[in-house]
Structures are given as C-alpha cells and as structure tokens.
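Let me begin by presenting the structure, written as structure tokens, before commenting on it.
Worth knowing before you read on, the calculation uses all heavy atoms, side chains too, and leaves out hydrogens, waters and symmetry mates. Counting convention: from 1, in listed order, for ligands and their atoms alike.
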Amino acid sequence: MKAFTYLFVFAIVWSFLNPSNTLDTITPIQSIRDGDTLVSASRRFQLGFFSPGNSKGRYVGIWYTKSSGTVVWVANRDTPLNDHSGVLKVTNGVVILLNSTNSVAWSSNTSRTAENPVLELLDNGNLVVKDEKVDGPANYLWQSFDYPCDTFLPEMKLGKNLVTGLDRFFTSWKSTDDPAQGEFSIRLDLRGLPQVVVMQGDTVKARQGSWNGLRLNGYSGLTPNPLVEVEFHFNESEVFYDYKIRNSSVFTRYIINPSGIAQRFTWLDRINRWELFSTTPADQCANYAFCGAYASCTIGNTPVCACLEGFLPKSPKAWDSVDWSDGCVRKTPLNCSDGPDGDGFRKYTGLRLPDTSSSWFDKTMSLKECEELCLKNCSCTAYGSLDIRMGGSGCLLWFGKLVDIRDIAKNAEDQFYVRLAASELDHVEKKRRSSKKKLAGIVIGSALYVLGMIIIGLVTYIWKKKRRNQAMKKGNIGKECDNVGRKEDIELPIFDLTAIANATDNFSNNNKLGEGGFGSVYKGTLLEGEEIAVKRLSKNSGQGMFEFKNEVILIAKLQHRNLVRLLGYCIEENEKMLIYEYMPNKSLDSLIFDQTKSKLLDWHMRINIIAGVARGLLYLHQDSRLRIIHRDLKASNILLDNDMNPKISDFGLAKSFGGDQGDAETNRIIGTYGYMSPEYAVHGQYSIKSDVFSFGVLILEMVSGKKNRGFSHPEHHHNLLGHAWRLWIEGRPIELIDNSVGDFSLSEMLRCIHVGLLCVQQRSEDRPNMSSVVLMLSSESLLPKPRQPGFYIDSPEANSSCITPCSTNGITFTLFEGR
Ligand SMILES: *[C@@H]1O[C@H](CO)[C@@H](O)[C@H](O)[C@H]1NC(C)=O
Ligand SMILES: *[C@@H]1O[C@H](CO)[C@@H](O)[C@H](O)[C@H]1NC(C)=O
Ligand SMILES: *[C@@H]1O[C@H](CO)[C@@H](O)[C@H](O)[C@H]1NC(C)=O
Ligand SMILES: *[C@@H]1O[C@H](CO)[C@@H](O)[C@H](O)[C@H]1NC(C)=O
Ligand SMILES: *[C@@H]1O[C@H](CO)[C@@H](O)[C@H](O)[C@H]1NC(C)=O
Ligand SMILES: *[C@@H]1O[C@H](CO)[C@@H](O)[C@H](O)[C@H]1NC(C)=O
C-alpha cells in the first residue's frame, strides 16, 4: 500500500516535472509552459505554444504531430503574448493562459462547475475540459470544437444549438502571420432553409447552398465524395453540418483561408505533404448574386449571365456593358388569380437552387401540394422539393426575387419551378393545369406529331442511304490500287518509292521504329530534311490492303492537332506505304509502362495527354466531316510530338458511321484485348461508346502507370479496371496513383480516375460521350457516380466466365458503396 502511494506520488511528480512526456491530460496541479506540449493519445495532435510565420507573438494552439506548421486551432488568437513566459492551466473548470505578470491573457468559460476538472487533448483534435469522473461529450464543461477558428475538422459542427444559442462557425486568420479573426467566415445562415454561406464581414460573399438529402445543393465536387461523408442534422434542438472521414487513417481538413477561399486539404504520406483536394470555385459565378435577380450564371457562356425564360434584362444598357447586377424583370406581370388564366410554372434542372434566405419549407408536403400552396400566395415566386432522394419529397417555397442561380451540372437532380404568367408558358406547360380532355388532345396530337417525324426521318434516312451507297460506288477505290490515286477522291501527295527507299536507307533495320500485324514502321529523312515515319504494309497481308485503303480515305480527310498527320502514300510494285509526320517521342506505351522512362511523364504532361486524346476523339466522333469510330485506341497508338502533345494514330480499323449514331455490328472482331469494350469483344457491337471505353482504360493506365491487360495484384484476380474500381469503392483511390507522376493536384487526379471509371462502365449507355468527357475533365462540374466497370476480371480462368453482368462479384462490390 505504501509502495503504491510512493509510486503514485512519483508518477505525479514525474509528470509534473516533465509534462512534455507525451501527456494528453493535465490536472489543476499541472501546467503547460512555453516549450511543453500536450500530445493526444495516439499522437495525432499536439497542443503547445507557437509563433506563426514571421510573427513574434506567442500563441497557444493545436497542430498535427505529422505537420507541426499546420495549426488547426488557436486559443488566444486575438491576444498574443509577447514573450516566452506564458503558462496554460486548468482551474475551477476553466482553462486560463497567464502572461509573465500572472494576468489572464485568455480563458475559456463554463456554465457549470466540476469536482475534478481536467484538461485533455483528444485524438480528433478537440481540447476539452471535463470532469474526470464523468466523461462523454455531453458532460464536457468546455470544448475547443465549440469555438472553432479557421479549420473544420472531422467531427466538428458547423451550425447552431437552438437551445443554448451556441453558434459554431469558422473565421479566417487575418493573414498567415496573424491568427486574429479575419474578415471571412463560413456559417450556417438560418434565415429560411439553412444554407452554408461564406461571408465577408456582414455580407454574404458566396453560397455553398442548402442540403438536398444527398449533399449541399451547389456542391460541385466528386460524388460520392471519396474522402468524407457529409451529414446534415436538423431538429428542434440543433441544426448543423458535420462530416466523417471514410478511412480513419486519412488526415483531412477544411479551412477558410485569409482570402476567403474555402479549401480541403489531405495529407499524403507518400510525399509528406498536404495536397489541395478541393476548393470553392473562385470564378465569377461564385460571387453572390453576380447576375442579379431572375438570371442564371454559366461559366463558359458569353455573356455569363442570362435571364431565365420569361424575363428580360432590367437595364439592357448596363447588361450590354457587362454589368449584370441589376438582373432581370418579368416580361409579363403575374396574374395572381387562381383561375384558368392564372399563373403557371417552368421547371429548371441542373441549376443551383436560388438563395433560400427568404424561403419557407415543410418536410411532409408533396410537390403537388407545394405547387398549390405557392399559387395561393402572390409573393411566392418558385417552389421545389426539399429532399431530392427517391423522386423528391417535402416542399420549399421561395418568396420575392430569385437570386444567385448558377449552372452546376446537367446531371444534377436538383430542380425548381419558377412562377410565370400563363402567357409566358409554352402550350403544354400552361395546359398542365387545365382539363384532362385538353390534355388528352395534346397527348394524341404530340403522338401524331412524333409519328410524323419518325416517318419523315425514315424516308430521309433511306433516301440518304441510297444516295450514299451510290456515291460510295462511284468513289470506290476499286480493286486496282491505281484508283487510290484519283485526285478527286483523295487530295494527298503520292510519294515515289525510290524517294522513300532513300529516305529510310533502303528500309534498314536501324531505321525501324516498330512492327505490327500490318507490317513495319520506319523512320526516314527526306532530301529536304523533313523527318517522316513510313508505315510499310507487309506484302502478304491480305487484310492489309483493306485497312490501307480505309486509312488513306479516312485520315486524308481529317485534320486535328491531336491526330497524326498523313503526309502522303505510295503504291508501287506491290508496295503499299503510308507516310506520316515523324513523332520524335514515339508512342505513349514506350514511356508510360517503362519504369525509368515513365518518370519523364510527370502529372502535368499526363493530364495534357489525356486532355489531348479526349479532344482528338471528340473530333473524330463529332466534329469531323466523316464522324469516325477509331476502334483501336490504345497507348501504343498515341504518338507524342516534340512537346509531348499526343496524336492519335493508326486508323486501320476505323469506321465512319456517317450521320446515324446507332450501334453497328461486325463479325470480324479485331482490336486489342484490354482496351475492347465488353459489347464489342463479346457481341461484335461497336459504337462511339466502344472508343469511350478504350479511352477510360487509357486514363486509368496513365494514372497508374500499369497496363490493364496482364495486370496482377497479390490480393485479387482483377485487372486494372477491377483494381481501380475496388480502390474507388473502398475510398482509397489515391493508392492507384503511379509513384512516378511527381507532384500533382489531388482533386485533378481524383477527377481523372472518376472520369476513367465512368468511361469503362459495363453498359455502353452509362458511359458518357466524348463531349461530356471533355467537359468533365476541364471543369469542376458534378460527376455522376460510376457503376461497375465491364471486363474487370482478367485472369485466364475468370476471363471467359465473367463477361456480361458478373452478378456474384457485383453484389460484393455494391456492399461497399457509400453515399
Ligand atoms: C499581462 O496581461 C495584462 C492584462 O492583459 C497586461 O496589462 C500586461 O501588460 C501583460 N504583461 C505583459 C508582460 O505582457
Ligand atoms: C463563453 O465565451 C464566449 C466567447 O468568449 C462567449 O461568446 C460565450 O457567451 C461564453 N459562454 C458562457 C457560458 O459564458
Ligand atoms: C437532434 O439531433 C441531434 C444530432 O443528430 C441528436 O443528438 C439529438 O438527440 C436530437 N434531438 C432531438 C430532440 O431529437
Ligand atoms: C485506409 O487507408 C490506408 C492507407 O491509405 C490503407 O492502408 C487502408 O487499407 C485503408 N482502409 C480501408 C478500410 O480502406
Ligand atoms: C387574371 O385571371 C383572371 C381569371 O382567370 C382573368 O379574369 C383576368 O382577366 C386575368 N387578368 C390578367 C391581367 O390577365
Ligand atoms: C404570403 O407569404 C408571405 C411570406 O411567407 C407572408 O408574409 C404573407 O402573409 C403571405 N400572404 C398571404 C396572402 O398568405
């Protein structure tokens, strides 16, 4: 017993003398001096004294053990000490910071007393004063999470306790050298439907929107956010947002920086650094009410502001001189009567909901009841669902002007209905409110109209097809190769065989660049010094001639900076050759899959290549005169010029599909396994979506530096697609990233992986087309959730058994899917 007492006293004295010895708790008889630290139980966070940046002032703060420069909370942010003599103590249930003259420089407060109060730094970064005897969050006498600074950590709350009135919001530092309260804050605005706003002083600077059941309406990041799960809590006693990390070993923080920009950072162990994961868009449309009332803001449009349907610029002159703040006014005033000539609504989707600060809501009403209620009150200008899940529920009404509407994404489910005078609505919408008889008439009328259009379309199609067939017969290259040279068909120079032989040193092996099923490719130098690549078809390749013609015809008519340029061709003495511009950096596969060479391709180059290939494909699919499906897109068919700009090559398998987009079928399945979409490999069906699939494979290969085909992993039998998918749904897509990419923007990287997964989805109709892909890669728009990829198992046994839906594996996967 005595021994125990000694031990106990010793322990206390020891810890008193040496508080930096990784204590996470201090009692009233202990204290923390400048130089000491409190360390949370599993060493995630530390508390101690620090001076930020160039400041000389001493502050008490909490930072990450991993990153001591990253301060997440400051106690005396407005009252720095000017020397190193500060002491932090806990007495009477409050924490106090004493300066050299023993005056209180800062203190916490509490409304309760406790017998044995202690100060503890928890592992989530929360500094709490609690009664030693009763723990549990409900019994904290005080906690730093209730008085946030600029950092929103997992498990913190943004919002208000409606019982005690405690409002938790985040305020920026004045500057990186000064943690004092800055101008900017992120708060929950409780007027109308609660919405998250960024404020500068007392004015709203930007809105992040309100909760729609799934996320903040207007959130433009990844969905579902692979990193964190945001939740909204709203009842009589509390209204707040918080978030959890999906993988507890990940470090992430959300801050409002001294310039008013909200940013999320994630710690990457691999490079020992914080990476920017997302940032609030800092474009024009992010400025609150940039376009004024009844107008929507769309980045990329000229002008960025446009009135909603049924509205006109209020001051057309100002509008023309790029000042949109006056916004728009109604073309026709509302009637406000409930009669047959009363008002109606126009539906909007893909827009962020207008400012809800003057809104009203009800969780139980249906959309129909909501519409009726809106019509009854003349100052109600719009309505919508409160919760978009499962087809929508609840009612949200807007009163007065509708402001701060911006374009978010075409695939966002959010929608709202804007009230308009009956005369401003088109026929169908107006009559929605009139008798069923009329409605039936409209339905029959539209049906007839549609039928008519189909017949007209069909006739035109047949006629066009006939004409095309005739045209093709006329322009056919025919069996004699000579015909290829007919100038009216192909406007391409013909090269002389001797010139080519000279240029390539008589097709010497030293000049050979590569070999394929068709024959070989040689490097050559023309007399004028121009470097060329010569694709020489092997003499005995029977298929070769067909593909040769195909390629000459197709590529001769194409011109885009992301397509390899055909300079000419040569047909002589059984030789068939295509002459291309020479690409000094060879093909992508020679770099990306090579351990040492892949370091030459940093992330910046890779993203540039991905974007270039996307534009090239978009041109092929949509913008070129012929509309072409490449059918053999792969890393070895992407050539790189001097500046590492990508050029799509090898059009041997390409098909023109003219105007009609429909799927085509073929019995001859040629292409490259690993890049082939399931519907093509299995059923021989190809469409532009087969190229999209190959493009998705290419993206994932670029991100990971691994080949899809032949990919192996110790833990599973999936190919690269399956591996990427697994990591994605397990919330750790970061592990896919190639070690040799160097520095990168995490958000850009994750967006790429996300787009890659969208492109390789099992069902071709789920895959985006290239114009969406280009948009997705270049904007911050909301992305849909990817579904399971096609062909994600590549082991020899599993390959054949798992072709179409792969149900058994599908089930295991969907279990992981979060919101
Ligand atoms: C200590 O704080 C008191 C009260 O804020 C202040 O008057 C005093 O000047 C401070 N002493 C020093 C040395 O900073
Ligand atoms: C505690 O202090 C904060 C800020 O100094 C103040 O807003 C709050 O009202 C105080 N609470 C109590 C219970 O005294
Ligand atoms: C309100 O919500 C909070 C957080 O979800 C919960 O802890 C609390 O019990 C709820 N209160 C009531 C009265 O429902
Ligand atoms: C969480 O992340 C770590 C490190 O990235 C990883 O090792 C671990 O497997 C992940 N856990 C889960 C459940 O995904
Ligand atoms: C408003 O609607 C009522 C009833 O339908 C109609 O009698 C009246 O003429 C309308 N007024 C205007 C200004 O359109
Ligand atoms: C219409 O709604 C506004 C805002 O809620 C309210 O102030 C007004 O009293 C309502 N008018 C009628 C006629 O109900």
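- In the vicinity of Ser103, heavy-atom distances shorter than 4.0 Å reach the ligand 1 atoms 1 (C), 2 (O), 3 (C), 4 (C).
- Heavy-atom contacts of Thr101 reach the following atoms of ligand 1: 1 (C), 10 (C), 11 (N) (cutoff under 4.0 Å).
- Interface of Asn82 with ligand 1, defined as ligand atoms under 4.0 Å from a residue heavy atom, comprises 14 (O).
- Of the two cysteines examined, Cys297 and Cys291, the SG atoms fail the criterion of being under 2.5 Å apart.
- Close contacts between ligand 6 and Asn377 involve ligand atoms 1 (C), 2 (O), 3 (C), 8 (C), 10 (C), 11 (N), 12 (C), 14 (O) [criterion: under 4.0 Å to a heavy atom].
- Judged by a 6.0 Å distance limit and a 45° cone about the ring axis, Arg168 is not positioned over the six-membered ring of Phe145.
- For Phe399, the closest heavy-atom approach to ligand 6 falls below 4.0 Å.
- Within the 4.0 Å cut-off (strictly below), a protein heavy atom is located near atom 1 (C) of ligand 6.
- One finds a salt bridge joining Lys157 and Glu238 here, because a Lys/Arg side-chain nitrogen approaches an Asp/Glu carboxylate oxygen to under 4.0 Å.
- For the pair Arg264 and Tyr243, the cation-pi test (distance below 6.0 Å, angle within 45°) is passed.
- Taking a cutoff of 4.0 Å between a charged side-chain nitrogen and a carboxylate oxygen, Asp24 and Arg44 do not qualify as a salt bridge.
- At the top of the distance list for atom 13 (C) of ligand 3, counting protein heavy atoms only, stands Ser237 OG, 3.7 Å.
- Of all protein heavy atoms, the one closest to atom 12 (C) of ligand 3 is Asn235 ND2, 3.2 Å.
- Under a 4.0 angstrom heavy-atom cut-off, Ser100 registers as being in contact with ligand 1.
- The pair Lys363-Asp387 fails the salt-bridge criterion, with no side-chain N (NZ, NE, NH1 or NH2) lying under 4.0 Å from an Asp/Glu carboxylate O.
- Protein heavy atoms all stay at least 4.0 Å away from atom 9 (O) of ligand 1.
- Among protein heavy atoms, the minimum distance from atom 11 (N) of ligand 1 is reached at Asn99 ND2, 3.0 Å.
- With contacts defined as side-chain heavy-atom distances shorter than 4.5 Å, the pair Phe361/Thr356 does not qualify.
- The shortest contact between atom 5 (O) of ligand 3 and any protein heavy atom is with His233 ND1, 3.2 Å.
- With a 6.0 Å radius and a threshold of 12 heavy atoms from other residues, nucleotides or ligands, Asn54 has its CG atom at or below the threshold.
- Under the side-chain contact (heavy atoms from CB on, under 4.5 Å) test applied with Thr37, the options Trp63, Phe50, Phe49 reduce to a single match, Trp63.
- For atom 7 (O) of ligand 3, the nearest non-hydrogen atom of the protein is Glu238 OE1, 4.3 Å.
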